[in-house]
There are 2 protein chains.
Amino acid sequence: MDGERAPVMADVARVAGVSHQTVSRVLNDHPNVRQTTRERVLAAIRELGYRPNAAARTLVTRRTRTLGVISFNTTLYGPASMLYGIEQAARQDDYFVTVAALAALDRRSVLEAVDRLRDQAVEGIIVIAPQTSAVAALSTVPADVALVAVGCGTHASLRSVAVDNEAGAERATSYLLDLGHRTVHHLAGPRSWLDAQEREAGWRRALTRRGAPVAEPMVGGDWSARTGYERGREIAADPAVTAVFCANDHMALGLLRALQESGRRVPDDISVVGFDDIPEAEFFGPPLTTVRQDFDEVGRRALRALVDAIDHGPVAGGMPRLSIEPTLLVRSSAAGPRS
Amino acid sequence: MDGERAPVMADVARVAGVSHQTVSRVLNDHPNVRQTTRERVLAAIRELGYRPNAAARTLVTRRTRTLGVISFNTTLYGPASMLYGIEQAARQDDYFVTVAALAALDRRSVLEAVDRLRDQAVEGIIVIAPQTSAVAALSTVPADVALVAVGCGTHASLRSVAVDNEAGAERATSYLLDLGHRTVHHLAGPRSWLDAQEREAGWRRALTRRGAPVAEPMVGGDWSARTGYERGREIAADPAVTAVFCANDHMALGLLRALQESGRRVPDDISVVGFDDIPEAEFFGPPLTTVRQDFDEVGRRALRALVDAIDHGPVAGGMPRLSIEPTLLVRSSAAGPRS
DNA sequence: CGATGAATTGTTAGCGCGAACATTCGGGTG
DNA sequence: CACCCGAATGTTCGCGCTAACAATTCATCG
């Protein structure tokens with residue numbers, strides 16, 4: 001494209017009247033460089049618009065300062081937010097982030113993505129794909145890349161960061177119970193996701209602790225508003241249901257819609273609580289009471305865990321499962337049952 | 001971490017009983033390698049679990065096969081979807097994608113992000129940040145990286161891919177006019193975004209073409225449901241408004257909420273149309289009539305344009321502005337005015 | 001004033017790979 | 001059988017950088 005090639009270290013050295021090694025020292029902040037020399041070199045760098053060749057540096061230092069993020073569907077609010085949090089944190093630690101979107105949910109895709117990232121010599125990988133199968137697949141990955149899973153249950157042998165889904169679900173369910181409902185139904189997420197399993201477990205625990213009857217959860221949800229709507233039509237047809245805890249906000253939206261179509265009022269006839277606190281939840285009709293997850297923070301912590309693993313080897317401090325406490329956000333989609 | 005270092009080409013060569021160059025030829029699919037030799041080499045590669053060192057290859061080929069994506073807020077549905085589309089397409093073309101999230105909207109941030117990506121020697125950059133200021137900043141970037149902007153207006157001198165916002169907005173507005181509304185109000189997006197400008201222009205054009213009165217657009221929106229709600233409260237208070245075209249679906253959601261709170265029925269009292277067709281729009285109360293954008297396709301096309309630019313130099317085929325036609329999706333949030 | 005050692009700078013040798021050139025091999029041709 | 005030509009393979013070099021070591025400078029002190 002452009003005629004002359006980009007300047008290299010030797011060019012800078014020539015202009016500054018030093019050896020290329022001195023330029024290297026300036027670039028790498030070595031202590032023993034005279035102040036005046038340093039300035040001369042920096043001036044030359046600016047003059048030539050020099051930028052170090054990352055490949056050459058990588059070749060000799062064996063470090064790419066690149067991290068990989070594997071994510072199933074970056075379109076969902078959760079994964080997208082985490083990616084954002086990760087990138088911000090990575091920048092501060094001077095790492096690049098390359099992404100690998102998963103084509104499918106199976107073990108093969110996950111391993112392919114890992115492989116792809118390893119080809120690029122990433123120093124570590126964060127996996128945002130909290131399916132049971134994905135976690136299982138991850139355990140077969142050779143230990144020469146640091147790995148951190150996000151929201152991947154308590155599976156040992158893998159460093160992970162997660163929101164305490166169970167606690168959040170329990171809190172939401174208890175809240176509905178406190179409001180006076182005899183029991184709470186659950187619109188569950190996909191069983192293959194750990195988050196869904198944990199939320200269901202939290203819901204179940206709250207119910208059994210209080211001695212409330214545990215109805216079969218509504219299954220078939222895939223996190224989308226559409227499936228929330230589909231299950232919602234069945235829920236709307238069942239007059240026994242007075243309170244529903246949804247596995248996430250999107251499904252809650254679908255449920256709200258189905259309820260409205262059936263003429264069942266929220267919260268007068270049925271109370272609804274979601275999970276995630278997506279930015280839109282506040283503007284649902286009615287505003288959704290939900291459990292807030294700090295995705296950004298999850299992303300940041302995942303990054304920190306990964307950088308730790310890279311810096312101090314894989315076993316430093318065991319395999320901590322960092323857990324973030326979610327909080328209940330009360331809005332108007334839940335109330336006591338009609339007396 | 002692990003004791004022995006990863007095998008290099010020379011190791012493979014030794015095991016296969018050939019020179020390292022023959023290994024290189026096998027890896028790069030050179031024609032003149034005997035079939036039996038090729039197989040021997042491949043066997044050795046498998047046996048050792050050899051993977052080529054990307055840095056070394058980059059150093060000599062001067063190609064990183066890495067692309068950068070700059071995005072303002074990957075949390076928004078649009079940017080997230082495009083990123084997804086870009087990554088999928090990039091993988092097929094055998095490129096890696098590294099992301100750079102923008103800290104702020106200003107020119108400085110954009111240039112910093114570009115700089116960061118250039119440090120990593122990306123071969124090209126896709127910018128998803130359709131603010132006027134961002135586009136302006138981009139024009140100062142040296143021509144040694146290929147650049148493609150997504151949704152960045154008709155600014156020349158920059159390759160770009162975009163949805164035809166103006167046509168979409170005009171279509172939506174005309175649709176409301178056809179329904180019998182005397183005029184259509186506009187809940188505008190942030191003026192600093194080209195998409196917002198174009199959608200406003202399309203709305204304005206539809207109105208003037210039909211000779212309908214053009215009311216001042218409601219400004220102050222920032223794409224979020226919250227600002228949609230805030231402006232919505234004002235709209236609800238104005239009985240003259242019978243139809244609103246919102247710059248995006250999220251703001252439409254806020255508007256819907258404000259309308260409901262004020263007891264104004266949709267579509268009976270007021271019709272609402274959005275833009276984007278986010279997956280949730282179908283489940284708003286009521287389901288939102290909106291203009292569908294194919295973000296995935298935008299992402300794919302942006303990638304194709306970028307790869308073209310990389311392969312054939314920056315000027316091949318001029319600076320085409322690829323434009324994608326959006327389509328109107330009729331649902332129940334819009335109807336004719338009360339007679 | 002010369003010795004001593006620390007601070008500063010220079011020189012050399014790879015890192016792992018692909019391009020360019022050199023060499024060998026194998027199979028027709030006259 | 002000598003010759004030639006193309007296919008197959010090997011050798012050498014350098015991409016741009018940092019690490020290790022060598023050489024030089026400089027300040028300090030006896």
Side-chain angles (χ1 to χ4, degrees), chain A residues 2 4-45 48-66 94 118-123 144, chain B residues 2 4-45 48-66 94 118-123 144:
Chain A
D2 43 349
E4 73 272 4
R5 265 208 333 297
V8 297
M9 203 172 261
D11 299 321
V12 175
R14 197 172 319 114
V15 170
V18 297
S19 74
H20 71 115
Q21 180 62 358
T22 297
V23 177
S24 170
R25 281 192 267 256
V26 170
L27 251 24
N28 294 290
D29 277 327
H30 277 243
N32 296 338
V33 177
R34 201 186 327 214
Q35 185 56 25
T36 59
T37 311
R38 180 185 308 277
E39 277 156 14
R40 214 145 25 94
V41 169
L42 290 174
I45 288 176
L48 296 177
Y50 166 76
R51 37 180 95 226
N53 180 312
R57 173 177 285 176
T58 293
L59 189 57
V60 57
T61 60
R62 300 171 173 286
R63 300 211 51 179
T64 55
R65 300 216 68 86
T66 299
D94 217 36
R118 293 182 68 203
D119 280 346
Q120 207 199 1
V122 297
E123 295 183 27
D144 58 353
Chain B
D2 45 348
E4 73 273 5
R5 265 208 333 295
V8 298
M9 204 174 261
D11 299 320
V12 175
R14 198 172 319 111
V15 170
V18 297
S19 74
H20 85 265
Q21 179 62 357
T22 297
V23 177
S24 170
R25 280 192 268 256
V26 169
L27 251 24
N28 294 289
D29 276 327
H30 277 243
N32 296 337
V33 178
R34 200 183 334 211
Q35 185 56 23
T36 59
T37 310
R38 180 185 308 276
E39 277 158 14
R40 216 146 22 96
V41 169
L42 290 175
I45 288 176
L48 297 178
Y50 166 75
R51 29 181 100 228
N53 180 310
R57 174 178 283 175
T58 292
L59 189 56
V60 57
T61 61
R62 301 171 171 287
R63 300 211 53 179
T64 56
R65 300 215 68 85
T66 299
D94 217 35
R118 293 181 68 203
D119 281 345
Q120 207 199 2
V122 297
E123 295 184 26
D144 57 355

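Just the heavy atoms: all of them, side chains too, but no hydrogens, waters or symmetry mates, feed the values below. This is a predicted model, so every value here is computed, not measured. Letters A, B, ... mirror the listed sequences (proteins, then strands); counts begin at 1.
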task = Take atom CD of Q21(B) and atom P of dA20(C), then tell me their distance rounded to the nearest Å.
result = 11 Å
remark   = Taken in chain and number order and not counting sequence neighbours, the residues that satisfy side chain to side chain contact (heavy atoms under 4.5 Å, CB included) with A44(B) are V12(B), V15(B), A16(B)
All salt bridge (charged side-chain N to carboxylate O under 4.0 Å, His left out) counterparts of R34(A), not counting sequence neighbours = none
ask   = Hey, is the side chain of T37(A) poking within less than 4.0 Å of OP1 or OP2 on dT9(C), counting only N and O atoms?
value = yes
key: Non-neighbouring partners of D11(A) that pass side-chain hydrogen bond (donor to acceptor under 3.5 Å, both in side chains), sequence neighbours left out   = R14(A)
note = Rounded to 10°, the helix from dC1(C)-dG30(D) to dG30(C)-dC1(D) deviates from straight, judged by its five-pair end axes, by 60°
query = Rounded to the Å, how far apart are Q35(A) CD and dT8(C) C1'?
reply = 14 Å
query = side chain to side chain donor-acceptor pair (under 3.5 Å): which pairs involve residues 52-61 of chain B, sequence neighbours left out?
reply = none
Please tabulate, for the side chains in residues 24-31 of chain A, all donor-acceptor contacts under 3.5 angstrom to protein atoms that are two or more places apart in sequence or on a different chain.
{"unit_1": "S24(A)", "atom_1": "OG", "unit_2": "N28(A)", "atom_2": "ND2", "d": "3.4"}
{"unit_1": "N28(A)", "atom_1": "ND2", "unit_2": "S24(A)", "atom_2": "O", "d": "2.8"}

task = On DNA chain D, check which nucleotide each of T36(B) and P7(A) is closest to and give me the residue with the more 5' one.
result = T36(B)
Atom pairs, protein N/O to nucleotides 21-26 of chain C N/O, distance under 3.5 Å:
none

inquiry  = Going by the rule salt bridge (charged side-chain N to carboxylate O under 4.0 Å, His left out), which residues pair with R51(B) if we only count those two or more places apart in sequence or in a different chain?
reply    = D115(A), D119(A)
key: Near-strand residues of residues 56-64 of chain A, defined as heavy-atom separation under 4.0 angstrom from DNA chain C   = L59(A), V60(A), R62(A)
note = Residue set satisfying salt bridge (charged side-chain N to carboxylate O under 4.0 Å, His left out) with R40(A), at least two apart, ordered chain then number -> none
task = Round to the nearest Å and state the distance from H20(A) atom NE2 to dA13(C) atom P.
result = 12 Å
message = Measure CZ/R38(A) against P/dA7(C) and give the value in whole Å, please.
response = 15 Å
inquiry  = Measuring from atom OG1 of T37(A) to atom CG of L42(A), what distance do you get when rounded to the nearest 0.5 angstrom?
reply    = 10.5 Å
task = Nearest 0.5 Å please: distance from the OG1 atom of T22(B) over to the CE atom of M9(B).
result = 10.5 Å
task = Round to a whole Å and report the spacing from CG of L27(B) to P of dG16(C).
result = 15 Å
key: First-last contacting nucleotides on DNA chain D - partner chain B, under 4.0 angstrom, heavy atom   = dA8(D) to dG16(D)
key: Residue whose nearest DNA chain C nucleotide is more 5′ - V23(B) or G17(A)   = G17(A)
query = How close or far is atom P of dG14(C) from atom CZ of R5(B), stated in whole angstroms?
reply = 13 Å
message = What contact category does N32(A) fall into here, base, sugar-phosphate, or nothing, at under 4.0 angstrom with non-hydrogen atoms?
response = base
query = Is Q120(A) reaching over with its side chain to a backbone N or O of A54(B), donor-acceptor style, under 3.5 angstrom?
reply = no
query = Starting at CZ of R51(B) and ending at P of dC17(C), how long is that distance when rounded to a whole Å?
reply = 13 Å
task = Using salt bridge (charged side-chain N to carboxylate O under 4.0 Å, His left out) as the criterion, list what pairs up with R62(B), not counting sequence neighbours.
result = none
